[in-house]
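Below: the structure, in structure tokens.
Per chain, numbering begins at 1; letters A, B, ... match sequence-line order.
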2 protein chains.
Amino acid sequence: MRAAQALRALCISRLPRPVSDIFTSKPTSYLRAPHFQTTPYSTSSPQQKLAADMHPHIKRSTAFKSLDDADINHFKSFLEPSQVITDQSEVQPYNTDWMKKYRGQTVVVLRPKTTEEVQKIVRYCNEKKLAVCPQGGNTGLVGGSVPVFDEVVISLTLMNQVRSLDEVSGAFVADAGLVLETADNYLAERGFIFPLDLGAKGTATIGGNVATNAGGLRLLRYGSLHGTVLGLEVVLPDGTLFSNLSTLRKDNTGYDLKQLFIGAEGTLGIITGVSIMAPRRPNAVNVAVLALDSFELVQESFARAKRDLGEILSAFEFWDQAAAEVVHKYVSHVKNPFMEGDRPAPAFGVLIETSGSVKEHDDEKLSRFLESLMEDSIVTDGVVADSETQAKALWGVRESITEGLSRAGAAYKYDISMPVPKLYSAVEDMRERLASKGFFEQGRVARVVGFGHLGDGNLHLNIGGPQYDKEVAEAIEPYVFQWLKELDGSISAEHGLGLHKAEHLHYSKPDRMISIMKQIKDLFDPNGIMNPYKYLPKS
Amino acid sequence: MRAAQALRALCISRLPRPVSDIFTSKPTSYLRAPHFQTTPYSTSSPQQKLAADMHPHIKRSTAFKSLDDADINHFKSFLEPSQVITDQSEVQPYNTDWMKKYRGQTVVVLRPKTTEEVQKIVRYCNEKKLAVCPQGGNTGLVGGSVPVFDEVVISLTLMNQVRSLDEVSGAFVADAGLVLETADNYLAERGFIFPLDLGAKGTATIGGNVATNAGGLRLLRYGSLHGTVLGLEVVLPDGTLFSNLSTLRKDNTGYDLKQLFIGAEGTLGIITGVSIMAPRRPNAVNVAVLALDSFELVQESFARAKRDLGEILSAFEFWDQAAAEVVHKYVSHVKNPFMEGDRPAPAFGVLIETSGSVKEHDDEKLSRFLESLMEDSIVTDGVVADSETQAKALWGVRESITEGLSRAGAAYKYDISMPVPKLYSAVEDMRERLASKGFFEQGRVARVVGFGHLGDGNLHLNIGGPQYDKEVAEAIEPYVFQWLKELDGSISAEHGLGLHKAEHLHYSKPDRMISIMKQIKDLFDPNGIMNPYKYLPKS
């Protein structure tokens, strides 16, 4: 790889050690997204608290009927026994999210295999006023995919077939319960790529991705689902079908209603089918990790990457010194290329990925770009992956941050977005605030960590300490939300609202918009049966 | 340019004439989009028919108040005299669309300079039940931007300032009345590009572009406005402000309401500000035009272009023999490179554009791609532009088709989309249908022409004849709509619904969706004052 050689030569001439050393050891085992592994690392008691108990202001609505035997028998009249789960040990995984942070109390899980079955279920629930909780892969991060009380869980995972792929246009149509990785593999075999990628790909479903408007790792390149989704099939709260599984790239006939379901988190209906534009899969992928001295230089390198790498730039991720130190200390199988021996982590690390159709062109662009960064002293050090294994190892440096934070103790986590130039001041400001209160000295806060998708203006702000501390929590929140409000930032960049952030929506959206959202919700779901207690603040 | 040389060499070895000959004459004058020139070429009587008379089924709603002196005086109480136009000769251009196809009857045009002024106007109109017609550059194609009866025209063209550009992220914020070309020039000077381009750019406003969800020439590369628009400022029908001028690339806090206004054609509110993601401007642009023998080969070349040109492919346009012949015969200043002397036009022409950050890489990719097309006998001939002037001349071959059709006589025009493999059968089928009725023999139909944005599945189907012929019209419509319905196609790919297609919506959208659209309309605009008589079918 020419780019790798060029950069290595540069690095060697500046540094006493050959940077390729970091790759001389055996390839590190690569954890794509440790925070989505199926056995969560967060410690939780076997009898974890109920979500309802942790949110005492939320009461079960008396408007909803409680499930009884007649309801179960009705479901069994048109579903096979294996599609109606009532055994409590089998129900449990559907009641609990993967973080073991939210626990619901449903007594039945329905697993429809067809759109018609979903319609029958929903029509019945609407008539009887049974609340429902739609569920895909259950990999959400805000408690949106598990019930709060006794909502009927409707799991889409048995609806998992590819429906069609138009190999001329790339229009791909599939059931909502298809697992993201399965979809991407299917497309890869045919030379296409799913325009979304994220750590939970092995479990998350494409319907769940659309329902939460997942952002993930390919957004910088392929844009958001609002641009790539071509059409949706949705069972509306009254059981009727919203049938708009278009494969057309252009269609200007009326309000683009499908957009409302993208990111609605199951509150307006149940997505049963997805049509999406799949681009051609890039032939060549390069990954580089750079060391920088300030956030201003991180921004400068981003502006240059957009200019010099242009159409092949596919990821621009960053993390700070505190993030690198947490990985170094708590995730032993991941090696930071800049932290050999006792060397401290650089102030900032950046991961750049390029994806293109001709490898030699991409290598050349990347090489020129990296040379110019070195010549202008924008970066102090850098490495380029020489193989797919090395590329994965470099991604591991970025992707192990969440795992490291979790192993290090308790963490208060915020997924926020704001204009890129302000991005890091959220971290610095919080660090100062907590220091001024003496929390660092008192050992109640160990670190304030910032990392994320710089290209998307998306910061993951984490405050770590030995354990949960009410006073610390109150120093952070609602301060951080207020801070974001003043910057016109978002309190949820990509994770959504769910149970966690419904009541905080006013920090990101004006009252007029929230009132329209409630009107839209009432229009689609007058009985309010779809995923209740979440998403919108109580009126 | 290496690509040009390589292809030229290939062509020369296959053809007796040097293809570069077509560029030896003086550069042809380049018409970006002749169908948007300010003096329309269509002949129309000085006293053109009223839209209301041409659509006798539409009656003026008695729910709306008629404008009186008290209303005018109210508007003059907070607007300058120059912002309240009542002189009928000055009003006339706002009553008439550029095609002179639709003529309204307004007696007043208001030209607000601020969002607050728009709010004051709309609040008053809503209270008094005065119907309004929002207007941008008035370059629409379906009669959406001119009044039908006496609706108050609110022209946004005095709200034309750039508000901000974030040069790190590319987030660009501007008034809705800013002219598209002005916006693009502003961005070009700073190394960015507006992610939309279309023939009417010199007149069309960015707010009007968003209101009509304009597609245009850059959609293949940068995607639709649903993906690139970051936020909107909209004056709602009750005069309150929908303030969501976000510059964030990611924001998952509630329903993405701004999407409803994109393509709503002014029926839900008046867009006053637009925030959009501006990509870096590509350094290198190449244009090639190819000759092919069948639509199957056109599709094959498109699939290969996506594979081999990948991230640099920015346009893939096509036209048929009938289209090329019309240009050759009626637009003398445009030269088709394949029609020298008496040579007939090839069965299909294709225009490919690439845009990238490094010219030599793009040239090499294009050259390899074109060579493989020649080697595999997918194309029979081809030329590559050697300069910007030549590139514009080649674009002229594609963009003069509309002008040629118009000069040739009357034309029935359809802007439709469907799955790419079916695209051309719409033309063949129509040709057969009209032939079987003897219309060609009788000289009542001269040609059936197909061209368009192949990459977007967007066909412009035109049926040309000496003059308007009711029997021919009835043979075409609703047949063409029914045909599209069976293919799940769209009756309006990019032009919208306006007055022209409102009553045909059912061919592209199921009743359930249309009924939801009407509910959304009622929710936002209970008095129905916003751009009435258009967009949705009468209930």
At a heavy-atom separation under 4.5 Å, does [X] approach chain A through its side chain, its backbone, both, or neither?
X	answer
B:Asp488	backbone
B:Ile520	both
B:Thr228	neither
B:Ile416	neither
B:Asn213	both
B:Pro510	side chain
B:Phe524	side chain

Please flag which part of [X] lies under 4.5 Å from any non-hydrogen atom of chain B: side chain, backbone, both or neither.
X	result
A:Lys501	neither
A:Asp238	side chain
A:Leu260	both
A:Arg281	neither
A:Ile491	both
A:Ala493	both
A:Leu219	both
A:Arg307	both
A:Tyr222	neither
A:Asp415	neither
A:Thr247	side chain

Derivation and outcome, salt bridge (Lys or Arg N to Asp or Glu O under 4.0 Å), residues A:Lys365 and B:Glu311: CA-CA 14 Å; A:Lys365 284 190 184 81; B:Glu311 62 278 5; 5.8 Å; no
Heavy-atom pairs under 4.5 Å with chain B, option from A:Leu245, A:Leu454, A:Leu268 with the top count: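 With the most close heavy-atom pairs to chain B, the winner is A:Leu268.
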Selection from A:Gly263, A:Gly215, A:Ala303, A:Pro421 maximising heavy-atom pairs under 4.5 Å formed with chain B: A:Pro421
As an exercise, state the distance from CG of B:Asp456 to CG of A:Leu248, rounded to the nearest 0.5 Å.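 Rounded to the nearest 0.5 Å, the CG-CG separation comes to 11.0 Å.
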A:Arg280 CZ to B:Asp308 CG distance, which is reported to the nearest 0.5 Å: 8.5 Å
Listed by residue number, which members of residues 249-259 of chain A have a heavy atom under 4.5 Å from any heavy atom of chain B? A:Arg249, A:Lys250, A:Asp251, A:Asn252, A:Thr253, A:Gly254, A:Tyr255, A:Asp256, A:Leu257, A:Gln259
Taking all atoms of both residues into account, what is the closest heavy-atom pair of A:Ile516 and B:Phe242, and its distance? CD1-CD1, 4.2 Å
Locate the shortest heavy-atom distance separating B:Arg512 from A:Leu241; write the atom from each residue and the value.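 What the structure gives for the nearest pair is CG-O, 4.0 Å.
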Using modelled atom types and a 3.5 Å cut-off, is there a donor and acceptor pairing between side-chain atoms of B:Lys306 and backbone atoms of A:Ser169? yes
For B:His504, which residues count as a ring pair (Phe, Tyr, Trp, His ring centres under 6.0 Å) partner, sequence neighbours excluded?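 In terms of ring pair (Phe, Tyr, Trp, His ring centres under 6.0 Å), with neighbours along the sequence ignored, B:His504 is linked to B:Phe481.
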Top contributor to chain A interface from B:Leu236, B:Ile262, B:Ile514, B:Asn283 [non-hydrogen pairs under 4.5 Å]: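 So the answer, after comparing B:Leu236, B:Ile262, B:Ile514, B:Asn283, is B:Leu236.
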